[in-house]
Amino acid sequence: MRLTILGGGGFRVPLVYGALLGDRAEGRVTRVVLHDLDAGRLSAVARVLAEQAAGDPDAPEVTVTTDLDEALRGADFVFSAIRVGGLEGRAADERVALAQGVLGQETVGAGGIAYGLRTVPVAVDIARRVARLAPDAWVINFTNPAGLVTEAMSRHLGDRVIGICDSPVGLGRRIAKVLGANPREAWIDYVGLNHLGWVRGLRVAGRDELPRLLADPALLGSFEEGRLFGPQWLQSLGAVPNEYLHYYYFNRETVRAYQRAEKTRGAFLRDQQAGFYEEAARPDAAALAAWERTRAEREATYMAENRDAAGAGEREEDDLSGGYEKVALALMRAIARDERTTLILNVRNRGTLSVLDAEAVVEVPCLVDANGAHPVAAAPLPGHAIGLVCAVKAVEREVLSAAESGSRTTAVKAFALHPLVDSVAVAHALVDGYTAVHPGLAYLS
C-alpha cells in the first residue's frame, strides 16, 4: 500500500514513519512518497527516516519528489500536512495580530484566519488533483486550521477527506488516566469543531465517570487542562474543554503573555527547526539524534505562554508523546483492513450537531470501517458552546468565501466576525497588515 505525505519535508514526518515501522500485517504501508517544495528539507527528513529504518528489512520504502502530480499518482492514502508560507509565515501572522492587540495563534483568531486564507487555495488545488489523479485515494488532513481546510477539501472530495487532530485524543487519555480508567475501554463524549470542543462525558462499562472528576477539585487540578483552566471554571462548565479554548476563556491574559514573550511560538519554532535542518544537512550528522533532541524541546515548550498565564507549571512527561501519528495510523488501518474502530475525527456533520448544516465539518467521535468515517449522533450542545461553535463556523464560511472569490471585503468580514477580533477597524488593519507581508494573499482585491 502506498502512502503519500504532502509536506514531506516537515518536522513531524518522522513521527508518522516511526508509527509505520514494525507493522507486519497484510495491507500495511510498503511505500512512502514524500512530497515537498523544499528539496533541502526533503533530504534532511529522508536521512532521519533512513536512520529510523536501519536494521528493519521490512521498513516501508521511501522516495522523495518535488513534483506534486508524481507524488499523487498511485497513492492509496494521502496525508496532507503542508504549511503554506512556512514558519516564517506563521511568525508574521503572530506579529501582525499582536501589533493590533489580538491573538495571532496559528489556528485561533486572527492568526488562524490569515493562515486559512493562505492555505485554502492551495488545499483546494490539491483536492482537485487528488480527484483527478488518485480518485480512489483517501485523504487524511492534518493541515491547520484542520477543520476549515478539511471542509474546503470536502467540497471536491466528499467524505474521502478526513481531518485529524491529536488534541482530543490527548485530552481523553488524560481524563481517563486521572479517573483510573483504560483509555481504550472508555467512550469519550467529545463534540465541537477542531480546536473548539468539549469532553462532556467519559463512559466506562456504560457508566459516566466524568461527574466524579468534576466533583473533586483535587482530581481536577491534577492534570493539564485542570491546571490550565482551573477546577472552578471546569465545574461551572460541567465539561472539560479542549486546551485551545484557553485562548477564548482567558484571551486577555494570553495575549498579554504572548506580548511579553521573548519570541512568538512561530518565531521560536522557525529558529529551532532551522538549526535542526542545518545540522541534519551535514554529511557527518546523526540526523535522528538531532531530530529527537529538537522534538523534545518543541514538545516541552508547547503552549508555554498559556501555562505561564494560568500558572499551570511545566508539562508532564506523559504529555510529551504527541499522538497525531497514532490517530493517522489507526484511521488508515481501519479503512484499509476494515478494522472497525472509534476515533475522534473531523468529518462532515450529516446532522450530528443540529445547530449546523449537513456539510459543515465538525470534530466528533466516528465509527470507522472500510467505507470511511461515520459520525456518531451527539446530544445537543449546551448554550454557551452553541454560541462559540456557530460564531466560529460562520467565520470559517467567510474565509472559504473569500478564498473562492478573492474578495478583500469578505476577508475583512471574516476577521470582524471572529469573537476574538472585536472591531471592524481592527479587521481592516489586520487585512492591510497581512496582505502587506504575505505574497500568498495577493489574490485578495
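The shown structure was predicted, so the numbers you read here are calculated from the model rather than taken from an experiment.
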* To do: Output, in order, the C-alpha distance, side-chain angles, deciding distance and verdict of side chain to side chain contact (heavy atoms under 4.5 Å, CB included) for I335 and D369.
  => CA-CA 5 Å; I335 294 175; D369 57 24; over 6 Å; no
* Asked: Is there a donor-acceptor pair closer than 3.5 Å between any side-chain N or O of Q100 and the backbone N or O of A429?
  -> no
* Any donor-acceptor N/O pair, Y17 side chain to A50 backbone, under 3.5 Å -> no
* Hey, mind stepping through R28 and L20 against side chain to side chain contact (heavy atoms under 4.5 Å, CB included) and telling me if it holds? -> CA-CA 8 Å; R28 68 188 180 93; L20 297 173; over 6 Å; no
* Exercise: identify the closest heavy-atom pair between I162 and A373 -> CD1-CB, 3.9 Å
* Side-chain contact test, heavy atoms from C-beta onward, threshold under 4.5 Å: evaluate it for T143 versus L6 and give yes or no. => no
* **Pairs involving residues 108-122, ordered by first then second residue, that meet side chain to side chain donor-acceptor pair (under 3.5 Å) (sequence neighbours left out)** => D93-R118, R118-H438
* Structure fact -> side chain to side chain donor-acceptor pair (under 3.5 Å) pairs touching residues 36-51, sequence neighbours excluded, are R41-Y277
* **Pairwise side-chain contact, H195 with P145, heavy-atom cut-off 4.5 Å (strictly under)** => no
* **Residues R270, E94; criterion salt bridge (charged side-chain N to carboxylate O under 4.0 Å, His left out); working and verdict** => CA-CA 12 Å; R270 176 198 62 201; E94 294 164 337; over 6 Å; no
* Structure fact -> In short, side chain to side chain donor-acceptor pair (under 3.5 Å) pairs touching residues 1-14 with sequence neighbours left out are none
* Using the side-chain hydrogen bond (donor to acceptor under 3.5 Å, both in side chains) rule, take T107 and N144 through it: C-alpha gap first, then chi angles, then the decisive distance, then the call. => CA-CA 6 Å; T107 64; N144 277 324; 5.5 Å; no
* Asked: Would R260 and E253 satisfy salt bridge (charged side-chain N to carboxylate O under 4.0 Å, His left out), going step by step from the backbone distance to the final call?
  -> CA-CA 11 Å; R260 290 195 305 263; E253 294 83 356; over 6 Å; no
* Asked: What's the spacing between Y244 OH and L228 CG if we round to 0.5 Å?
  -> 11.5 Å
* From CD (E325) to CD1 (I164), nearest 0.5 Å -> 9.0 Å
* Sorted by first residue and then second, give each side chain to side chain donor-acceptor pair (under 3.5 Å) pair with at least one member in residues 388-398; sequence neighbours left out. => E151-K393, E151-R397, D357-R397, K393-E396, E398-K413
* Within a strict 4.5 Å, meaning less than it, do heavy atoms of the D432 and R408 side chains meet? -> yes
* Identify which one of N141, N194, N346 satisfies the side-chain hydrogen bond (donor to acceptor under 3.5 Å, both in side chains) criterion when paired with T150. => N141
* Asked: With side chains defined as the heavy atoms from C-beta onward, is the minimum distance between V362 and V191 less than 4.5 Å?
  -> no
* To do: Could you pull out the closest heavy-atom pair between Y190 and G197, with the gap in Å?
  => OH-CA, 3.4 Å
* State whether the number of non-hydrogen atoms from other residues, nucleotides or ligands found under 6.0 Å of E359 atom CD is greater than 12. => yes
* Using the side chain to side chain contact (heavy atoms under 4.5 Å, CB included) rule, take V130 and H156 through it: C-alpha gap first, then chi angles, then the decisive distance, then the call. => CA-CA 9 Å; V130 170; H156 303 275; over 6 Å; no
* Given side chains that start at C-beta, do those of V368 and L345 come closer than 4.5 Å, heavy atoms only? -> yes
* Asked: Any sub-3.5 Å donor-acceptor pair from Q105's side-chain atoms to Y247's backbone N or O?
  -> no
* **Within-4.5 Å side-chain heavy-atom neighbours: V45 and F11** => no
* To do: Among L356, L148, N242, find the one that has a side-chain contact (heavy atoms from CB on, under 4.5 Å) with L193.
  => L356
* Asked: Out of curiosity, I140 CD1 to S80 OG, how far, rounded to the nearest 0.5 Å?
  -> 10.5 Å
* **Minimum heavy-atom distance G192-V389, with the two atoms named** => CA-CG2, 4.5 Å
* How about V361 and V347: do any of their side-chain heavy atoms sit closer than 4.5 Å? -> no
* Spacing of D166 atom CG and L171 atom CG [to the nearest 0.5 Å] -> 11.5 Å
* Structure fact -> All heavy atoms of T65 vs all of A71, minimum pair found to be CG2-CB, 3.8 Å
* How many angstroms lie between OG1 in T264 and OH in Y258, if you round to the nearest 0.5 Å? -> 9.0 Å
* To do: Return the minimal non-hydrogen interatomic distance between G116 and V399, and the atom names on each side.
  => C-CG1, 4.1 Å
* Any salt bridge (Lys or Arg N to Asp or Glu O under 4.0 Å) involving residues 333-345? Give me the pairs, sequence neighbours left out, ordered by first then second residue. => D23-R333, D23-R337, R337-E339, D338-R340
* In terms of side-chain geometry, is the basic nitrogen of R293 or E297 positioned less than 4.0 Å from the acidic oxygen of its partner? -> no
* Asked: Should L245 and L388 be marked as a side chain to side chain contact (heavy atoms under 4.5 Å, CB included) after you check the CA-CA gap, both sets of side-chain angles, and the distance that decides it?
  -> CA-CA 10 Å; L245 274 153; L388 274 177; 3.9 Å; yes
* When rounded to the nearest 0.5 angstrom, what distance separates CE in M332 from CG in L3? -> 5.0 Å
* Structure fact -> L353 and A378 have their tightest heavy-atom pair at CD2-CB, 4.3 Å
* Structure fact -> Residue set satisfying salt bridge (charged side-chain N to carboxylate O under 4.0 Å, His left out) with D189, at least two apart, ordered chain then number -> R200
* Asked: Is there a donor-acceptor pair under 3.5 Å between the side chain of Q52 and the backbone N or O of L288?
  -> no
* Just wondering, are more than 12 heavy atoms of other shown residues or ligands nearer than 6.0 Å to CD in E404? -> no
* **Side-chain touch Q273/R298, heavy atoms, less than 4.5 angstrom** => yes
